[in-house]
Protein chains: 2
Amino acid sequence: MHVIDPNNKARLLAGAAAVAFLTLPAAHAAKPLAEKPTVGDLVKASKPSDWRQLEPDNTVYMDLPGGRVVIELAPDFAPNHVANIKALARDNYFDGLAVIRSQDNWVAQWGDPDEKNPRPFKTAKATLKAEFTAPMKNVKHFTRLPDVDGYAPQVGHSNGFPSARDPKTGQAWLAHCYGMVGVGRDTDADSGGGSSLYAVTGHAPRHLDRNITVVGRVVSGMPLLASLPRGAGAMGFYDKPELNVPIGAFKVAADVPEAERSKFEVMRTETATYKAVVEAQRNRGGPWTKVAAGHVELCNVPIPVREVK
Amino acid sequence: MHVIDPNNKARLLAGAAAVAFLTLPAAHAAKPLAEKPTVGDLVKASKPSDWRQLEPDNTVYMDLPGGRVVIELAPDFAPNHVANIKALARDNYFDGLAVIRSQDNWVAQWGDPDEKNPRPFKTAKATLKAEFTAPMKNVKHFTRLPDVDGYAPQVGHSNGFPSARDPKTGQAWLAHCYGMVGVGRDTDADSGGGSSLYAVTGHAPRHLDRNITVVGRVVSGMPLLASLPRGAGAMGFYDKPELNVPIGAFKVAADVPEAERSKFEVMRTETATYKAVVEAQRNRGGPWTKVAAGHVELCNVPIPVREVK
């Protein structure tokens, strides 16, 4: 069977959103790595200290009919929006609302389908001042990629998030890669607040960077959003209410009983192991690859995630 | 309603795969364009000579239960594989086979689900010498993008296809953007022939460029492939035969009665209008955009397609 790139097995557990359902081994045997290890080899050989658990207070679960979408929030980049999204979750704002838009090669978006009788806000705010960028000094652990990027002076990973920055302005921002979650807004920059959210389901629309507040990343469950039927309405909105995909619950992980939490670990992007992951993607080894790219584009760098059973 | 980027309406008709169902107006009123026209504005103001029809002999239709996938083949880049895929179609090779793989943020792949009793070949060949690159001189109408690309010395569009080239080697190749169609292979470079094909359904895996024979682009029907349920097997293969998505027919458009053909036009990428499209994406105008990127990445440039009723 032609499989297109057997090395790609690594992506099964390492893609922007794909997740491996690995059990954590009790001990890590120190096996010698191949001369050009794959991302999968590196994950297998990694140490426990190469990983961090998701913080329950900065993780939200969106339960859809098909399963759970797990989103890691990025308070370094958008502290006010992250706080507001947690307030919305704690107000049960999203429970019973829906995914109302799926536009091919673009986004899936969720929020209130009822424009005429919108759900009222309780403790959360309807709108906030935009957080399109954040001061670089607020962002932990920037590990810069060695390669050029056309959209930003510097790109790399900050504590597990693809990000960019400009030393001239001192600002940093999250990059619109596959699986990133952002805040829908109208024309006014300050017209969003988190009650309308979307996840990128297509090729990274990097031209949206610094035009929208990005709040986090889907670490599990992207297929639940990316494989939704595309909406037939303008911009992929569902044109019939019965096509909306109901949100059963949208909760902060910390508010979910521990036994019901999804336990994920994300590779620490400030580690030597992650630098090796980047290099494995820049110059892929193995017998399948005939020409190594010698380059990696920000949104093509896997950010390994694994489930801890 | 928060819509995320109203300018994005242009994408509805201009994305790598999205298609507008416009009727061709009888006459084109010469309306003045806005100072910073959107892609949609440019499409509306375009002249008939900015467009070309798909050539029926270089177009294939794959009919799935949900509708038709229309693929434009690129004989300039992969003449032998294109000829072989047409031979496969004319042998009715794919009819009754299936989409057997859908891996999130990667590809949907189709071919023979039966490894034990594979469908025999008739006039088409099982394998061909790889066509990962083609001589630059064989490729018509390269319109270079003004921006840097990390994966290739030069990138741009060749007769409607995103492509790259290296003047030092004199070689050109198709780029793995969203919606591009390639030939599955095993480890041996010459182990593919076109009986196993895939379309890119996620972020462009440009590191596959020059590692695989790319044969064309989906110009209509990407949602039929991109919204398929993801396979639970390794690398997204469906793990149960009943999940395979049957291919009703796979035919060269020229072999389909004219009344049953899908009539699409693609914007000519060698025109001044297309240069304006590129610029509209590089520096987007309108009240929604707060920071214009001043850059466009190859796979983010829309290639407008429209249906002619």
Side-chain angles (χ1 to χ4, degrees), chain A residues 1-6 8-9 11-12 15-18 104-107 109 111 115 132 147-148 150-151 177-178 182 184-187 189 191-192 196 198 202-208 210-212 222-223 226-230 234-235 281 284 287-291 293 295-297 299-300, chain B residues 1-6 8-9 11-12 15-18 104-107 109 111 115 132 147-148 150-151 177-178 182 184-187 189 191-192 196 198 202-208 210-212 222-223 226-230 234-235 281 284 287-291 293 295-297 299-300:
Chain A
M1 185 174 287
H2 295 121
V3 296
I4 313 162
D5 188 3
N8 182 40
K9 277 177 187 169
R11 276 189 90 97
L12 276 173
D104 196 57
N105 194 21
W106 194 244
V107 298
Q109 184 174 348
E115 286 189 273
F132 298 163
D147 298 307
V148 68
Y151 289 102
C177 296
Y178 186 87
R185 67 163 171 91
D186 296 322
T187 300
S191 59
S196 178
Y198 65 90
H203 186 78
R206 293 282 310 281
H207 45 285
L208 298 185
R210 292 180 291 163
N211 280 294
I212 217 158
M222 268 308 290
S227 68
L228 289 176
R230 279 36 177 168
M235 292 181 287
Q281 188 76 343
R284 303 215 302 172
W288 192 90
T289 297
K290 309 306 176 190
V291 180
H295 171 85
V296 71
E297 188 251 311
C299 296
N300 265 326
Chain B
M1 185 175 286
H2 295 121
V3 297
I4 312 162
D5 189 0
N8 181 41
K9 278 179 187 169
R11 276 189 90 97
L12 277 174
D104 196 58
N105 194 20
W106 194 244
V107 298
Q109 184 174 347
E115 286 189 274
F132 297 164
D147 298 307
V148 67
Y151 288 102
C177 296
Y178 186 86
R185 68 164 172 90
D186 296 321
T187 300
S191 58
S196 178
Y198 65 91
H203 186 78
R206 292 282 310 280
H207 45 286
L208 298 185
R210 292 180 291 164
N211 280 294
I212 218 159
M222 268 309 290
S227 68
L228 289 176
R230 279 36 176 166
M235 291 182 288
Q281 187 76 344
R284 303 214 302 172
W288 192 90
T289 297
K290 308 305 176 190
V291 180
H295 171 85
V296 71
E297 189 251 310
C299 296
N300 265 326

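What you see below is based on every heavy atom in this structure, not just the backbone, and it leaves out hydrogens, waters and symmetry mates. Owing to the predicted nature of the structure, the values given are computational and were not obtained by experimental measurement. Letters A, B, ... are given to chains in the order of the sequence lines, protein chains preceding strands, and every chain is numbered from 1.
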Handout entry: With B/Phe132 via ring pair (Phe, Tyr, Trp, His ring centres under 6.0 Å) - residues at least two apart
Key =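 In terms of ring pair (Phe, Tyr, Trp, His ring centres under 6.0 Å), with neighbours along the sequence ignored, B/Phe132 is linked to no residue.
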Quiz item: By a 4.5 Å heavy-atom criterion (distance strictly below it), what part of A/Val148 contacts chain B: side chain, backbone, both, or neither?
Solution: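 Only the side chain of A/Val148 comes within 4.5 Å of chain B.
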Sorted by chain and residue number, the side-chain hydrogen bond (donor to acceptor under 3.5 Å, both in side chains) partners of A/Arg210 (sequence neighbours excluded) come out as none
Discussion item. Donor-acceptor pair, distance only, cut-off 3.5 Å: does the side chain of B/Tyr198 make one with the backbone of B/Trp106?
Written reply: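 No, the answer is negative, given that no donor and acceptor are paired below the 3.5 Å cut-off.
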Taking C-beta and beyond as the side chain, do B/Asn300 and A/His203 meet within less than 4.5 Å on heavy atoms? yes
Assert top hit (heavy-atom pairs under 4.5 Å, partner chain A, pool B/Ala189, B/Ala226, B/Gly111, B/Ala293) equals B/Ala226
Point to revise | Residue part contacting chain A, namely of B/Asp147, when any heavy atom lies under 4.5 Å | key: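 No part of it gets close to chain A.
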